[in-house]
There are 2 protein chains.
Amino acid sequence: MIRSANPLAQEPRYELVTRVLRDNIRNGNLPQGLVLLEGPIAAVMQTSRVPVQSALRQLLDEGLIHRFDGRGYLVGSGQQTVTPIRHDIRDLQLDIPRDVDDALQTRGTWLHVYDHVEKQVAQCQIFGEFRIVETELAEYLGVSRTVVRDVMARLQERGLIRKNTSSHWIAGPLTARTLREKFELRSILEPAALRLAAPHIQYPEVEALQARIGSDPTLTPEYLSEALLELCIARAPNTELVDLIRSNRLLLSAVNRALSVLGLPRDETSIDQYQTLFQLIALHPIDSAAEYLRDYLSIIERRYLARMKIVAVVSVTGGFAPYLISQ
Amino acid sequence: MIRSANPLAQEPRYELVTRVLRDNIRNGNLPQGLVLLEGPIAAVMQTSRVPVQSALRQLLDEGLIHRFDGRGYLVGSGQQTVTPIRHDIRDLQLDIPRDVDDALQTRGTWLHVYDHVEKQVAQCQIFGEFRIVETELAEYLGVSRTVVRDVMARLQERGLIRKNTSSHWIAGPLTARTLREKFELRSILEPAALRLAAPHIQYPEVEALQARIGSDPTLTPEYLSEALLELCIARAPNTELVDLIRSNRLLLSAVNRALSVLGLPRDETSIDQYQTLFQLIALHPIDSAAEYLRDYLSIIERRYLARMKIVAVVSVTGGFAPYLISQ
DNA sequence: CTCGCAAATTGCACTTCGTATAACAGATAT
DNA sequence: ATATCTGTTATACGAAGTGCAATTTGCGAG
């Protein structure tokens with residue numbers, strides 16, 4: 001049972017709200033006698049009033065808060081009488097842990113398991129064709145088939161899996177042809193996005209990054225590729241375009257990860273090319289950068305192909321998620 | 001209860017097979033005494049043997065075929081003895097109606113209702129924001145919520161609907177910004193695809209079409225736009241790219257349809273531009289055609305915007321599918 | 001100090017969505 | 001033929017959001 005990286009993600013909202021309030025009362029962030037009102041709490045936690053209601057009821061049961069003759073609850077057990085303190089909770093710097101905040105933002109179990117499945121499915125594809133059985137994946141994830149089918153539908157829409165003639169789910173294999181198509185798309189989309197992004201790039205950041213390349217060993221090709229996307233390309237004022245670029249890159253970066261795991265040597269020469277690229281971007285006239293990006297993409301396409309050929313020889317059998325059945 | 005344009009789509013496969021065989025026996029396509037075997041029939045109908053089995057059993061019940069001392073069935077009631085005719089059924093030109101064939105091809109109820117919903121959802125968006133309630137749509141379509149959720153998930157992935165903060169499904173509104181983004185994408189993708197398609201275009205067809213433009217009144221701008229896609233752009237040897245282009249056009253052609261229904265005058269000047277475009281394509285050096293296409297796209301973008309502004313003034317209330325709730 | 005009113009707040013009923021579960025038929029593979 | 005898997009239905013329940021009506025609070029006028 002894997003479910004999510006963030007175990008809080010499955011808890012209902014009211015549990016999360018309860019947790020936050022409880023912790024903040026215990027650590028004294030919310031002083032004794034403070035009047036707790038549903039509405040403002042809901043606003044702070046970015047939810048509706050209903051989960052806050054349940055949370056307050058639960059805290060009342062636990063004796064951390066008590067009622068008084070007025071609206072809302074007072075912090076404290078109510079053993080000794082305190083004068084109600086009325087204060088906007090937004091000013092009290094409520095301590096909301098990062099993971100709780102994350103869990104409050106995203107809703108839906110399928111979103112929490114999706115990333116995990118996506119990564120596994122993308123990664124296995126270089127090694128051939130795999131089949132996915134809904135019921136097994138459901139069992140593995142500890143969710144119902146309903147959720148699994150939701151995940152599968154999205155993976156299909158994003159081009160990561162398909163159905164064979166007997167309508168079973170199939171992932172892969174990643175062929176040279178698929179790779180070619182993906183890179184062809186990249187070299188259409190990414191230079192175009194870079195041009196559109198030009199007026200919105202934070203040039204100081206790019207220059208700072210560019211200066212560190214070569215000396216800072218943490219700047220791997222993967223990191224730089226990500227940086228290029230986030231700092232430059234994704235600034236293009238066209239969300240659909242950016243989304244397309246992201247989803248098109250997905251399989252490729254999974255391939256990269258999988259190859260690194262296999263221990264194939266990293267491609268150090270591309271660091272120099274990233275340096276040139278960031279230099280060109282920093283120099284503003286964006287056209288040369290876009291042209292260079294296009295050339296660069298056709299170079300890494302060839303490198304990807306070469307590395308994939310190595311993998312084809314080395315037969316890998318183990319190490320896949322158990323719900324991925326090699327065909 | 002709408003379900004599908006094709007009512008056959010919901011019938012089980014064996015019903016469809018039965019129907020085809022029955023009709024072909026009745027109209028004499030399958031002569032008396034012909035040996036019917038599961039395997040070949042399954043191959044012709046592009047299905048597995050099980051549905052064919054049931055179909056044959058049913059035909060046996062109906063007395064249209066009968067058993068004999070051999071594998072398979074003989075056409076005919078079996079009242080008088082006939083000598084078995086062995087003949088590959090594939091050569092007999094079995095008459096399979098188009099709609100039955102369609103129904104046999106696509107599997108899954110959701111596929112059958114999808115197109116209908118997609119069209120409606122795309123069309124309403126110019127007129128503002130609409131909400132879709134799963135249960136109502138399910139009732140309207142006569143399917144379960146499972147199927148509806150499948151459809152909604154796909155529509156969401158394809159960018160036609162989204163969820164609001166309370167996770168209700170929302171379609172639209174189609175803003176000037178969305179329109180701009182879609183056209184920006186078009187002018188990135190379509191010229192690029194046209195270039196890639198150049199070696200695969202059937203030039204005689206293009207020339208033939210081009211010659212008819214102007215004189216043939218059936219060649220509307222919509223028709224020509226479709227022809228450009230199918231005859232030229234979609235020939236690009238990159239299925240992902242072509243799929244993206246298709247799904248990106250979807251909303252725009254829905255807008256077009258909706259505007260025509262409203263009675264807005266058709267844009268006749270663009271016919272000339274299509275003529276120029278097809279001429280350029282026929283002249284082979286594809287670059288000028290690609291450039292022209294890009295320019296042309298920026299022109300129609302402005303036209304679309306202008307027409308949308310007219311719609312904004314004319315308030316339209318009725319005429320939407322009942323499951324689309326205006327906000 | 002009290003009254004009265006507007007604004008804020010809560011309680012509650014009503015919806016809708018997310019997920020689970022069981023079930024069965026259709027389809028395929030073995 | 002049998003076992004396996006998918007497609008779909010039906011049902012159920014909890015979680016969460018919304019709007020309305022009733023209540024409380026804040027605050028200024030008298």
Side-chain angles (χ1 to χ4, degrees), chain A residues 10-17 35-43 45-57 67-73 84 86 88 104 106-113 131-138 141-153 163-170 325 327, chain B residues 3 9-17 42 45-55 104 106-113 131-138 141-153 163-169 325:
Chain A
Q10 284 93 249
E11 292 196 21
R13 275 163 130 61
Y14 64 85
E15 280 289 353
L16 298 171
V17 177
V35 180
L36 296 179
L37 299 172
E38 285 176 13
I41 296 177
M45 310 279 283
Q46 300 190 63
T47 178
S48 77
R49 278 169 32 231
V50 180
V52 179
Q53 264 172 25
S54 332
L56 289 174
R57 260 196 296 278
R67 301 219 86 139
F68 73 119
D69 62 336
R71 297 208 150 193
Y73 299 79
R86 293 193 175 273
D88 193 333
L104 282 170
T106 41
R107 208 137 22 123
T109 318
W110 82 263
L111 267 172
H112 298 298
V113 298
R131 195 179 143 197
I132 303 171
V133 175
E134 291 179 2
T135 43
E136 277 185 45
L137 181 50
L141 295 171
V143 299
S144 69
R145 241 179 90 204
T146 313
V147 173
V148 170
R149 285 180 59 80
D150 217 338
V151 171
M152 303 313 268
K163 291 191 186 175
N164 63 8
T165 47
S166 43
S167 84
H168 292 162
W169 295 111
I170 301 292
I325 301 156
Q327 288 302 76
Chain B
R3 305 205 77 150
Q10 284 91 244
E11 291 197 23
R13 278 165 126 61
Y14 63 85
E15 279 290 355
L16 298 171
V17 177
M45 310 280 284
Q46 300 188 62
T47 178
S48 75
R49 277 169 31 228
V50 181
V52 179
Q53 264 170 30
S54 333
L104 281 171
T106 40
R107 212 151 357 156
T109 319
W110 82 262
L111 267 170
H112 298 298
V113 297
R131 193 176 146 198
I132 304 171
V133 174
E134 291 178 1
T135 43
E136 278 186 43
L137 180 51
L141 295 172
V143 298
S144 70
R145 239 179 89 205
T146 311
V147 173
V148 170
R149 285 179 58 79
D150 218 337
V151 171
M152 302 314 268
K163 290 192 186 174
N164 63 7
T165 48
S166 42
S167 82
H168 293 163
W169 294 110
I325 302 155

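Because the structure is a prediction, the values reported are computed rather than measured.
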Q: Between A/L16 and A/M45, what is the shortest heavy-atom contact and its length?
A: O-CE, 4.4 Å
Q: Calculate the interatomic distance between B/L137 atom CG and C/dC17 atom P; express it in whole Å.
A: 10 Å
Q: Could you tell me if the side chain of A/R131 sits less than 4.5 Å from the side chain of A/W169, heavy atoms only?
A: no
Q: Check this one for me: any side-chain N or O of A/S54 less than 4.0 Å away from OP1 or OP2 of D/dA15?
A: no
Q: Under 4.0 Å from OP1 or OP2 of D/dA16: is there any side-chain N or O of A/Y14 that close?
A: no
Q: Quick one: label A/I41 by what it contacts on the DNA or RNA (base, sugar-phosphate, nothing), any heavy atom closer than 4.0 Å.
A: nothing
Q: What pair of heavy atoms forms the shortest contact from A/L56 to A/E38, and how long is it?
A: CD1-CG, 4.1 Å
Q: Whole-Å distance between C/dT16 P and B/N164 CG?
A: 13 Å
Q: If you assign each of B/T135 and A/S144 to its closest nucleotide in DNA chain C, which residue comes earlier from the 5' end?
A: B/T135
Q: Nearest to the side chain of A/R149, heavy atoms from C-beta on, is which of D/dG7, D/dT18, C/dC17?
A: D/dG7
Q: Where the side chain of A/P12 is defined as all heavy atoms beyond and including C-beta, which of D/dA16, D/dA10, D/dG17 is the nearest nucleotide?
A: D/dA16
Q: If I take atom CH2 in residue A/W110 and atom P in nucleotide C/dA20, what distance separates them, rounded to the nearest angstrom?
A: 14 Å
Q: Which pair of heavy atoms, one from B/A153 and one from A/D150, lies closest together, and at what distance?
A: CB-OD1, 4.1 Å
Q: Looking at every heavy atom in both A/Q46 and A/R13, which two are closest together, and how far apart are they?
A: O-NH2, 4.0 Å
Q: Would you indicate which nucleotide in D/dG7, D/dA16, C/dT16 comes nearest to any side-chain atom of B/E136?
A: C/dT16
Q: For DNA chain C, whose closest nucleotide is more 5', that of B/R131 or that of A/V147?
A: B/R131
Q: Closest approach to the side chain of A/E134, judged atom by atom: which nucleotide of C/dA20, D/dG26, D/dG7 is it?
A: D/dG7
Q: Give one of base, sugar-phosphate or nothing for A/L56, where a contact means two heavy atoms less than 4.0 Å apart.
A: nothing
Q: OP1 or OP2 of D/dG14 versus the side-chain N and O atoms of A/R13: is any pair under 4.0 Å?
A: no
Q: Taking all atoms of both residues into account, what is the closest heavy-atom pair of A/P51 and A/Y14, and its distance?
A: O-CB, 3.4 Å
Q: Is it the case that C/dG18 (base atoms only) and B/R145 (side chain only) share a donor and an acceptor within less than 3.5 Å, ignoring hydrogens and angles?
A: yes
Q: So, is A/K163 close to the C/dT28 phosphate, meaning a side-chain N or O under 4.0 Å from OP1 or OP2?
A: no
Q: Considering non-hydrogen atoms only, spot the tightest contact between A/V17 and A/A55 and give its length.
A: CG1-CB, 3.7 Å
Q: On DNA chain D, compare the nucleotides closest to B/D150 and A/I325; which residue's is nearer the 5' end?
A: A/I325
Q: Find out whether B/L141 and B/V147 are in side-chain contact, i.e. whether some heavy atom of one side chain is under 4.5 Å from a heavy atom of the other.
A: no
Q: Return the polar atom pairs (N/O with N/O) between nucleotides 10-12 of chain C and the protein under 3.5 Å, or none.
A:
{"residue": "C/dT10", "atom": "OP1", "partner": "A/E38", "partner atom": "N", "Å": "2.8"}
{"residue": "C/dT10", "atom": "OP2", "partner": "A/E38", "partner atom": "N", "Å": "3.1"}
{"residue": "C/dT10", "atom": "OP2", "partner": "A/G39", "partner atom": "N", "Å": "3.1"}
{"residue": "C/dT10", "atom": "O4'", "partner": "A/R71", "partner atom": "NH1", "Å": "3.0"}
{"residue": "C/dG11", "atom": "OP1", "partner": "A/R67", "partner atom": "NH2", "Å": "3.0"}
{"residue": "C/dG11", "atom": "OP2", "partner": "A/E38", "partner atom": "OE2", "Å": "2.8"}
{"residue": "C/dG11", "atom": "N7", "partner": "A/R49", "partner atom": "NH2", "Å": "2.9"}
{"residue": "C/dG11", "atom": "O6", "partner": "A/R49", "partner atom": "NH2", "Å": "3.2"}

Q: Rounded to the nearest angstrom, tell me the gap between atom CH2 in A/W169 and atom P in C/dA29.
A: 17 Å
Q: How many Å lie between CE on A/M152 and C1' on D/dC5, as a whole number?
A: 12 Å
Q: Quick one: on DNA chain D, does A/H168 or A/E15 contact a more 5' nucleotide (nearest heavy atom)?
A: A/H168
Q: Mind calculating the distance between CE (A/M45) and C1' (D/dA16) to the nearest angstrom?
A: 14 Å
